[in-house]
Structure formats: structure tokens, C-alpha cells
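Working notes, structure below.
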Amino acid sequence: MIRLGNLLRPRRPKADDAPPIIPTGWNLDDPLLCLSNYPRDTWRIRDACEGTQIFGATGSGKTSGSGRALAHAFLRNGFGGIVLCAKNDEPELWKRYAAETGRERDIVLLSQEHFNFLHYEANRPGAGAGQTENLVALFMQVAEIANQRHGHATADLYWERAVKQLLRNAVDLLAIARGAVTLPELFEIIRTAPQDTDEAASAAWQSESICHDYIQKAAENATKNPDLQPEYAMTAKYWLEEFPRMDNRPRSSIVSLFTTLADSFLRGTLRKLFSSETTIIPDQTTLGRIIIVDLPVKEWNELGQYAAVLMKFMTQKALERRADADGRPVFIWADEAHYFSTAYDQIFQTTARASRACTVYLTQNYSNYLSALGGEAARPKVDSLLGNLQTKIFHQNSDTVTNQWAAELIGRKLQYRFSSGSSETHGIGQRSSTTTEGEQQVIDLEIQPREFTLLWKGGTDYKCLTRAVIFQGGRIWGNGKTWKHVVFNQE
Ligand SMILES: Nc1ncnc2c1ncn2[C@@H]1O[C@H](COP(=O)(O)OP(=O)(O)O)[C@@H](O)[C@H]1O
Ligand SMILES: [Mg+2]
């Protein structure tokens, strides 16, 4: 098994390396994009670390307009990153971006590498304390996505608690019995657990169950090492009493959730990728690697989503732990982000600046997040996530919910409306008419929702120009407003 520390050594320059054109020091005030000639319109590393959300209809220029501009800026400035892929052409797009910015050498295609995430979790720097909880949190991310796919509400606390309890006890049992955790063994423990208390007491189950073997082994180890005794007692009680006594229906639903998920990771590509050795770890993004999770959802379906969400979460965790908090910024990039968003993103985003993590999420509309995160009940989560992605870029959109939401976000102000009206008076034998003209003061939306329907979409119709509205929480732009128009050239 490879030593993880070896993966964290910076690459030694080769003799024929060109002198570096990529910066090696990063200040939060360093500029990434100049959005006009006003110094106040500079978008800096600090701004990127506060997160970015790009909205726009399909074909509005998200990818080729603002997306490309940001991606180029990140690559030119030497950022590391991870790219989650929904569409099949995303890996090629990033290879091209890397070629255009002199970063080809830093591209890592995940499909060509191995990442034994359970081994990594147990052996990475700072591993040890809280290992069970870390593993449970990791599985829960993937479980959340699996649940989203099946259209279940993720806000179900009973369900979440039951899944966590199952995982926690399986991991603990394995850790006490074997000192290490592997996915096939977790799978077997859960698969062969007793279905009722009679079974747990029966000789037949005890002679055949792998779960029972691990309980025996754990009991021996706990006798030898009294420190393990309290944990052993708890996990044995769970497997021999609590688990068999659970209601059949909820129990079989959480068991089948876990076994279906584990099964995905125990076969084919995911097994090759995630359960053998380790040639790449998420911490390498802080050395400038750009990890492309090249299992696009359009081709790999749920497997692509699981791989991406796992890598995203582990990168988020690695960045939260990073010791070089003044080091290289790392981006987390997701086009069609609703495939990959989980409730944890919002928690991560609240401390992202300290970890120099630059999240960029692109999606068509607000409702995409709502349905991904669990429907109407998830509205607070969606609002919180979007609230923590401070820069918002709105491209052309005909989605009324998003346009209204954007207009409300930008806000209202006192506006002067020119008004003119006429009134007629009719009396006996007379008729007079007066016209009144004047200014009327109204409090109204600064941008009307319909204005978003008219933004330039790029392509030949718009001379390869896309026009978007940019807004950043708490920021006044050079034009004195909380928002401004920005034109992004696709060429
Ligand atoms: N480099 C380019 N030059 C000119 N037109 C482009 C270029 N890239 C994309 N387009 C066109 O611009 C429009 C917006 O594309 P795209 O950025 O892919 O939209 P979105 O990501 O919002 O779906 C599409 O009509 C597309 O065909
Ligand atoms: Mg796109």
C-alpha cells in the first residue's frame, strides 16, 4: 500500500520545464477578473473564495460566457481544483482550458487513477480520533444523493438517524474486530445481521452469519484490550438486540439503501477506482492538481453522481483541514450543479474563505436545487446554500421563478416614474379636459424580472457576446449599484 505522504510532495521540476508563468504566492486581494475600468469592479481571489452561483437557461452562455471566464482566471492564476462532470464533453472542455492556460500537466483524470478512500480516511494526516464519525459522514453524502435520486425527502430525520446508527455500528464492529474498515466487510456484516431476536439466539444463525463471526472476534479483542470494552458493549447490543427489534419495513429500507450503494462501489469501474491502491488524493489539489471526475452523469448515471459527490465531500474536508491557510486557492467546479449539491455544501460554504476554497456552481434555475435537495421542505437549505454563494451571475433566463427571485435579491429602491394622465369633466352643455403630467415616486424592483429574459445569449445571433447581470452580497459596484451588467466574450 502506498504511503500517502509520498503523494503530497510537490512535483520536482523537469530539466526542460519552461520558467513558471503561474504565480506561486496568493493574496486575497489579487485580481482575477476586471469587470470594467473602475478599480471597484475588480473581482478578486477574496470574492472567488466566497463562492459563485451562475444561473441561466440552456444555451444562455453560462458555460461559454461567465463559466469560461472564471475557469480561465482560476487556471491562469495557478489554482488547484476539482471538476465534477454532468455532461460528456466536460472533461474535454477542461483539457482545452488547461491547454489554453499552460496547465496541461496539472490535469488528473480520475478514471486513470486509484483512490482507496477508506484507507485514506484511516491513514491521512490527522486521522484517528473520530474516524467512525468521519466514515459515517462520508457514506451519508452518497446516501443523500441516492435518496435524492429516488425522490425521497432528505429532511426525514428518523431515516437519517437510523442509517447513521447502522453505519456507525458496522464501522465500530469492524474496527474493534479487525482494526481496519473495508467496504466488502461492512457489506457482509449488514447483509448477515439477525432479522429478529430469535434468530440472533439461534445456533443456525450463529454458525452461518459473518456478522456473528465479527461479534465473536470483537469480544475476544475487547477482553484482551479493556479500552475497547465500552465500544464493544454498545455495538454488540446494537447487533444482537436493537437491530433485530427494529420494525421490519424501515429496517429493510435502510439495509437495502446501504447494500445497493455498497454494491455500486464493489463492482466494475467504481471498484477499480475506489477500492484498490491509491495514486491520487484530494489534498493534491492544494499542490495545483486539477482532478477531473471524468465519469459524467449523462453517461454513468448514479455511479457518476456517487463518484463526484464522494470526491467533492472529501476535497471539502481536505480543504477544511489544510494547514497552509494562506496557500494556493482550490476551486470546486460543478456545471449542472443540482446533480451534485448536498446539504453539507451550505455548511462548507460558511467557512470556505478560511480554506481558500472557490466553489462555482452552474445550473439553469432555482427550482433545480429545490427538487434536488428534497422539494418544498428543502427551501431553507436552498436559500442558505445560495445565500452563501455570494457572487451570483444571471444569464438570460425565461424561468419566472428564478427571474423573480433574482429581481427580489437585487432589491427595491425609490424610483421616479414619469406619469401622464388626462381627465374629462362632463357638465350640462360643457365638456372640459385636463392633462396632468408629473413625476411619481414609487418603491419598485430595481430590475424587473422580464429584463432577464432579454439578456444576450451569445452565438452568431449576438456576435459571440453574452450579457449577464452580476450581483454580490454586500457589494456596491463602480456604477454605484448593487448589480451591474457584464459582457462575456465567448471567443
Ligand atoms: N465559442 C463559441 N463561439 C460562439 N458561439 C458559441 C461558442 N460556444 C458556445 N456558443 C453558442 O452560444 C450559446 C450558449 O452556449 P453555452 O455557453 O453552452 O450555454 P449554456 O452553458 O448556458 O447552456 C449556444 O447557442 C452555443 O451554441
Ligand atoms: Mg452549459
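Basis for what follows: all heavy atoms, side chains included, without hydrogens, waters or symmetry-related copies. If you're wondering where the values come from, they're calculated on a predicted model, not measured in any experiment. Order of listing sets the numbers, starting from 1, for every ligand and every atom in it.
In this structure, G61 is part of the shell of residues with a heavy atom less than 4.0 angstrom from ligand 1.
In the displayed structure, D324 atom CG is contacted under 6.0 Å by more than 12 heavy atoms of other residues, nucleotides or ligands. Counted within 6.0 Å of CZ on R321, heavy atoms from surrounding residues, nucleotides or ligands total more than 12; the atom is thus considered enclosed.
Scanning G59, S66, G67, G65 for the heavy atom closest to atom 23 (O) of ligand 1 points to G59.
Scanning the protein for heavy atoms near atom 10 (N) of ligand 1, the closest one is Q490 NE2, 3.4 Å. In this structure, atom 18 (O) of ligand 1 lies nearest to the protein heavy atom T63 CB, 4.1 Å. The protein atom (non-hydrogen) at minimum distance from atom 4 (C) of ligand 1 is C464 SG, 3.3 Å. The protein non-hydrogen atom at the shortest distance from atom 15 (O) of ligand 1 is S64 OG, 3.6 Å.
T402 and N365 form no side-chain donor-acceptor contact under 3.5 Å, judged by distance and modelled atom types alone.
Short contacts between ligand 1 and S60, defined as distances under 4.0 Å to a heavy atom of the residue, involve ligand atoms 19 (O), 20 (P), 22 (O). Every atom of ligand 1 with a heavy atom of A57 under 4.0 Å away is listed here by number and element: 22 (O).
Proximity of the aromatic rings of F471 and F394 is defined here by a centroid distance below 6.0 angstrom, and this criterion is not met. For F331 and W94, the ring centers are positioned less than 6.0 Å apart. No close placement of the Y366 and F55 rings is indicated, their centers lying 6.0 Å or farther apart.
Of the heavy atoms in K457, only backbone atoms (N, CA, C, O) come closer than 4.0 Å to ligand 1.
Taking a distance limit of 4.0 Å, we find that atom 26 (C) of ligand 1 is approached by no protein heavy atom.
Between the Mg ion (ligand 2) and T58 there is no N/O/S contact shorter than 2.8 Å.
Salt-bridge annotation for D383 and R379: absent, with no side-chain N of the basic residue lying under 4.0 Å from a carboxylate O of the acidic one. Under the 4.0 Å criterion applied to side-chain N and carboxylate O atoms, E446 and R412 are not assigned as salt-bridge partners.
In this structure, Y120 and F115 have perpendicular ring planes: the angle between them is above 60°, well past the 30° mark.
Considering backbone and side-chain N/O of T58, none are found under 3.5 Å from N/O of ligand 1. Geometrically, ligand 1 and E491 share no nitrogen or oxygen pair separated by less than 3.5 Å.
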